[in-house]
**Student:** 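Just dropping this structure here.
Numbers here simply count residues along the sequence, with the first being 1. Scope of the values below: all heavy atoms of this structure, side chains included, with no hydrogens, waters or symmetry mates.
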Amino acid sequence: MSDFKKLLGKKIQSIRKSKNLTQEKLAELIDIETPSLSYLETGKYAPSIETLQKLSQVLRVKPWEFYYFDEISEEEMKDEIIKALDDNQKLLKTIYYFYKSLEY
């Protein structure tokens, strides 16, 4: 799972930098501490749904864009998600709520 968090963190960092925002400024805009944003970007922690929503709004991207990784194949993603879901009921609920929050 930590590889996934690292990919997510790199994606957040990449989008932040493309918007010419510092960690300090983005942390301020989404109302978290700068070290917390640093932990997200390095993959030490994954963002909560609330933080992800704030990031999406401030960075003006759709939530799914944070999870679009060119570095990982679709098959690898499926395998990792299925394994994680089998091992973690809380993750299953989180993904369900995230899925329901997407705009179609």
**Student:** Backbone N or O of Lys90 within a donor-acceptor pair of the Thr94 side chain at under 3.5 Å?
**Tutor:** yes
**Student:** At their closest point, which heavy atom of Pro47 faces which heavy atom of Leu40, and how far apart are they?
**Tutor:** N-CD2, 3.4 Å
**Student:** Is the number of heavy atoms from other residues, nucleotides or ligands within 6.0 Å of CD (Glu65) greater than 12?
**Tutor:** yes
**Student:** Could you check whether any side-chain heavy atom of Tyr99 comes within less than 4.5 Å of a side-chain heavy atom of Trp64, counting everything from C-beta outward?
**Tutor:** no
**Student:** Is atom CZ of Phe98 surrounded by more than 12 heavy atoms (other residues, nucleotides or ligands) closer than 6.0 Å?
**Tutor:** yes
**Student:** Under 3.5 Å, side chain of Lys54 to main-chain N/O of Asp31, donor-acceptor pair present?
**Tutor:** no
**Student:** Answer yes or no: is there a side-chain heavy-atom contact under 4.5 Å between Glu41 and Gln23?
**Tutor:** yes
**Student:** Could you tell me which non-hydrogen atom of Leu26 sits nearest to which non-hydrogen atom of Val58, and how far apart they are?
**Tutor:** CD1-CG1, 3.7 Å
**Student:** Do Leu92 and Asp86 have side-chain heavy atoms sitting under 4.5 Å apart?
**Tutor:** no
**Student:** Might you confirm whether atom NZ of Lys19 has over 12 heavy atoms from other residues, nucleotides or ligands at distances under 6.0 Å?
**Tutor:**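 It does: Lys19 NZ has more than 12 such atoms within range.
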**Student:** Parallel, tilted or perpendicular: which one describes the rings of Tyr67 and Phe4, with boundaries at 30° and 60°?
**Tutor:** parallel
**Student:** May I have the step-by-step check of salt bridge (Lys or Arg N to Asp or Glu O under 4.0 Å) for Lys83 and Glu80, ending in yes or no?
**Tutor:** CA-CA 5 Å; Lys83 182 180 182 302; Glu80 190 167 336; over 6 Å; no
**Student:** Contact between Lys44 and Lys6 at the side-chain level, heavy atoms closer than 4.5 Å - yes or no?
**Tutor:**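 When only atoms from C-beta onward are counted, Lys6 and Lys44 do not touch, as no gap falls below 4.5 Å.
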**Student:** Just checking Tyr96: does its OH atom have more than 12 heavy atoms from other residues, nucleotides or ligands closer to it than 6.0 angstrom?
**Tutor:**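 Result for OH/Tyr96: open.
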**Student:** Looking at side-chain heavy atoms only, is the closest gap between Lys5 and Leu8 below 4.5 Å?
**Tutor:** no
